[in-house]
Amino acid sequence: MKKIAIIGGTGDLGYGLALRWAKAGKQIVIGSRQEEKAVKAAEEIRKVLGEGVTVSGMGNFEATKSAQIIVLSVPFQFLVPTMRQIRDAIEEGDTLISVIVPLAVEIGGFSPTQVVTPWQGSAAELVQSLAPPGAQVVSAFQNMSAYRLQDVENEVDCDAIVSGPKNARKEVMELARLIPGVRGIDGGRLDYARLVEPITALLIGLNIRYKNREGIGIRFTYVNEEI
Ligand SMILES: NC(=O)c1ccc[n+]([C@@H]2O[C@H](COP(=O)([O-])OP(=O)(O)OC[C@H]3O[C@@H](n4cnc5c(N)ncnc54)[C@H](OP(=O)(O)O)[C@@H]3O)[C@@H](O)[C@H]2O)c1
């Protein structure tokens with residue numbers, strides 16, 4: 001079974017993904033800049049889910065090295081330093097998942113409902129530009145609420161658009177399906193992340209106007225899943 005490292009798994013979204021995949025029986029490594037913080041988050045997950053789950057905590061570099069699927073779950077302004085920290089631990093064929101939304105507020109903008117466009121086109125493509133050539137970079141889970149993921153007693157009622165190279169995309173769509181209520185939607189090549197990341201800014205605006213702090217989700221209808 002492939003191990004999943006979640007870099008930034010001590011934070012809101014990464015912790016939620018770790019909880020859900022640990023619950024589904026996956027082997028999870030929480031990564032942090034501080035090993036103790038990662039170990040503590042892993043202990044917390046075992047407390048919530050019971051000792052039957054396989055979750056450990058390590059520094060970001062060691063976590064990346066130990067896993068074949070690596071989720072990059074840090075705020076946009078820390079994307080570059082984090083990629084520099086883990087780059088040499090990423091091996092040929094590893095799947096690298098970007099959940100990052102390039103929100104303007106994270107680099108000094110005022111509105112939480114606006115995104116910036118990196119030169120590469122999207123945060124996911126910026127990740128790709130910093131990853132070793134053999135890594136399979138996929139974008140996914142940017143439109144999912146961390147609150148809903150952490151609420152493990154309930155399903156997460158939303159779709160996850162997954163973009164990237166075909167085989168890795170299929171693999172991540174399977175991971176999406178492991179979260180009860182979630183469906184992976186085939187979002188095509190990685191550059192389609194340019195369209196997916198800004199949806200989160202739209203959702204943040206909806207959450208504000210509809211006073212929904214738990215988070216509104218998206219669903220696509222009439223998708224022919226036989227294909
Ligand atoms: N929150 C959501 O509902 C949500 C939804 C969809 C997408 N996202 C995306 O998911 C990503 C993570 O969001 P989040 O809300 O989980 O973020 P977060 O909780 O604010 O931070 C995640 C982790 O980033 C690391 N970090 C903090 N400061 C750092 C620094 N100076 N340098 C390097 N790493 C640092 C921390 O890990 P350590 O201190 O352990 O290293 C922290 O636990 C973001 O890109 C966001 O756009 C979030």
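Atoms within each ligand, like the ligands themselves, are counted from 1 in listed order.
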If we number the atoms of ligand 1 from 1 as shown, the ones under 4.0 Å from a heavy atom of I100 are 45 (O)
In terms of its nearest heavy atom to atom 20 (O) of ligand 1, the top option of P81, P75, G11, A201 is P75
Among non-hydrogen protein atoms, atom 48 (C) of ligand 1 lies closest to L13 CB, 3.9 Å
- Query: Hey, would you say the Y15 and W21 ring centroids sit under 6.0 Å apart?
  - Reply: no
The protein heavy atom nearest to atom 44 (C) of ligand 1 is V74 O, 3.3 Å
A quick test of your reading: do over 12 heavy atoms of other residues, nucleotides or ligands sit less than 6.0 Å from OH of Y192?
no
For atom 46 (C) of ligand 1, the closest protein heavy atom turns out to be V101 N, 4.2 Å
Quick look: R33 vs ligand 1, heavy-atom contacts under 4.0 Å, and the answer is both
re atom 39 (O) of ligand 1, the protein heavy-atom contact at minimum distance is K37 NZ, 2.5 Å
Atoms of ligand 1 under 4.0 Å from any heavy atom of M144, numbered from 1 in the order shown, are 5 (C), 6 (C)
- With side chains defined as the heavy atoms from C-beta onward, is the minimum distance between V156 and M144 less than 4.5 Å? yes
Please determine if E91 and K65 form a salt bridge, counting it only when a charged side-chain N lies under 4.0 Å from a carboxylate O. yes
- Other residues, nucleotides, ligands: >12 heavy atoms within 6.0 Å of R219 CZ: yes
Q) Below 4.5 Å, heavy atoms only, C-beta onward: do I7 and T64 meet side chain to side chain? A) yes
Among non-hydrogen protein atoms, atom 22 (C) of ligand 1 lies closest to S73 O, 3.5 Å
min-distance protein heavy atom vs atom 19 (O) of ligand 1 -> D12 N, 3.0 Å
closest protein heavy atom to atom 37 (O) of ligand 1 is T10 OG1, 3.1 Å
message: Taking a cutoff of less than 4.0 Å between a non-hydrogen atom of the residue and any ligand atom, is V99 in contact with ligand 1?
response: yes
the protein heavy atom lying closest to atom 1 (N) of ligand 1 turns out to be A146 CB, 3.6 Å
Quiz item: Hey, are the side chains of I218 and I199 touching, using non-hydrogen atoms and a 4.5 Å cut-off?
Solution: yes
Near S32 (heavy-atom distance under 4.0 Å), the atoms of ligand 1 are 38 (P), 40 (O), 41 (O)
Self-check item: Short side-chain donor-acceptor distance under 3.5 Å, Q142 and S139
Solution: yes
- Heavy-atom distance under 4.5 Å between the side chains of V127 and M83, does that happen here? yes
